[in-house]
Amino acid sequence: MTNVLAMNQVSYKRNLKTILHDVDLTLETGKIIGLLGENGAGKTTLMRLITGSAKGKGTVAVSGDTVVANRKSHISFSEQLHGFSNSTKLDEVIAFYQRVYVDFDPKQFTELCTFLQIDTSLKLSSLSKGMKEKVIIALTLARRTNLYLLDEPFSGIDSMSRKKIISSIIKWKPENATMVISDHYVSEIAPILDEIVIVKDQTIYTHRPADSVREEFGVGIEAYYESLYKGGVQHD
Amino acid sequence: MQFDDKVPIYYQIKNHIYHEMMTGQLVAGAKLPAVRQLAVDLTVNVNTVQRALGEMIQEGTIESQRGKGNFVTTDTTRIAQLKEQLVVEQLERVYQQLHALNLSDDEIIASLKQYIEQRGQQHD
């Protein structure tokens with residue numbers, strides 16, 4: 001089994017405060033991983049440590065590469081479009097992505113836009129919250145990489161859009177690529193997860209197959225996750 | 001399809017396909033949709049579908065043909081066995097629950113019989 005990600009003894013502090021401590025995390029190719037944890041637990045920080053936009057102690061290797069510039073080329077990260085002004089048209093954002101990322105597949109992007117009903121002639125300022133998330137997903141999935149990081153793709157959007165986004169993940173994730181999806185409520189993505197990673201107490205608290213939770217404890221992913229926060233799983 | 005998050009998803013996928021086999025939506029020898037299509041249709045992970053199908057191939061309820069896809073077995077004895085197995089699983093559940101209510105075997109038979117007769121009358 002080959003690994004797409006190997007994090008070894010990674011620690012990260014911000015303003016002398018420990019955000020993550022001694023993180024060891026190995027992810028296999030071809031999996032969908034739910035990255036779960038409370039707001040402020042360090043999910044986004046973990047993703048930024050993987051891409052290299054945050055620098056901590058320890059080593060991070062993506063597809064065997066530890067050099068940040070190389071790592072970035074293996075990763076498609078759902079960025080929030082903050083770098084673009086509100087008057088930017090979607091077409092211009094797309095042109096930018098095509099210029100910057102050699103692995104951006106315009107044909108695939110068009111398919112995603114059709115499926116997610118995205119009108120690319122609109123300006124960023126005229127997009128609803130849900131539409132903006134769909135655009136981010138389409139841009140992220142249109143790249144052909146080994147590792148996809150989706151940072152809270154479902155926050156604040158309606159259930160129809162959520163379902164569409166979930167379907168597009170199943171449809172378009174390349175078979176050998178791994179995808180990490182962070183979220184703090186899990187019920188809707190639970191059926192598509194291979195594994196769950198729970199961030200708690202400044203580290204990786206649990207990393208296990210999703211079906212093993214159901215099999216061993218007879219509880220759902222959400223109930224299991226909540227029980228960890230309330231203090232301990234009830235074993236039969 | 002709605003999933004029960006407390007039950008392993010691969011298991012529910014198997015049951016879903018069994019159900020289609022029992023109700024004739026998937027007849028003996030029928031071709032199953034491609035793995036990714038099944039995943040999209042059921043809104044589940046491709047790997048989980050593969051695990052479910054892998055187990056079904058192992059137990060002989062579906063057959064994999066290289067390059068062609070997956071097919072419901074044409075072995076009707078195997079399908080009959082599967083039906084029996086599914087029936088026993090359901091009966092076991094009912095039996096355990098009635099047993100837990102302190103019913104004896106004779107009482108369980110009697111109450112099932114009575115239930116079925118009354119149910120029949122209501123439907124007439």
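Values below: all heavy atoms of this structure, side chains included; hydrogens, waters and symmetry mates excluded. Note that the coordinates shown come from a computational prediction; the quantities given were computed from them, not determined experimentally. Each chain gets a letter, A, B and so on, in the order its sequence line appears, and its residues count up from 1.
- Asn47(B) CG to Lys31(A) NZ: the interatomic distance, rounded to the nearest 0.5 Å, is 6.0 Å.
- Considering all non-hydrogen atoms of both residues, Glu175(A) and Arg36(B) come closest at N-NH2, 3.6 Å.
- Between the CG atom of Leu38(B) and the CD1 atom of Ile170(A) there is a distance of 11.5 Å, given to the nearest 0.5 Å.
- Atoms CD and OG1, on Glu188(A) and Thr43(B) in that order, are 10.0 Å from each other to the nearest 0.5 Å.
- Both the backbone and the side chain of Ile221(A) come within contact range of chain B, each with at least one heavy atom under 4.5 Å from a heavy atom of that chain.
- Proximity to chain A involves both the backbone and the side chain of Val40(B), based on heavy atoms less than 4.5 angstrom apart.
- Surrounding NZ of Lys83(B) are at most 12 heavy atoms belonging to other residues, nucleotides or ligands under 6.0 Å away.
- The number of heavy-atom neighbours closer than 6.0 Å to CZ of Phe71(B), taken from other residues, nucleotides and ligands shown, is above 12.
- Here NZ of Lys6(B) is found 15.5 Å from CD of Glu215(A). Values are rounded to the nearest 0.5 Å.
- For the set Pro191(A), Ser187(A), Ala190(A), the entry with the most heavy-atom pairs within less than 4.5 Å of chain B is Pro191(A).
- Residue Gln58(B) places its CD atom among 12 or fewer non-hydrogen atoms of other residues, nucleotides or ligands, all under 6.0 Å distant.
- Between the CD1 atom in Ile32(A) and the OG1 atom in Thr48(B) there is a gap of 8.0 Å [rounded to 0.5 Å].
- The local environment of CD in Gln2(B) is sparse, with at most 12 non-hydrogen atoms from other residues, nucleotides or ligands closer than 6.0 Å.
- Interface residue Leu193(A): only backbone heavy atoms are found under 4.5 Å from chain B.
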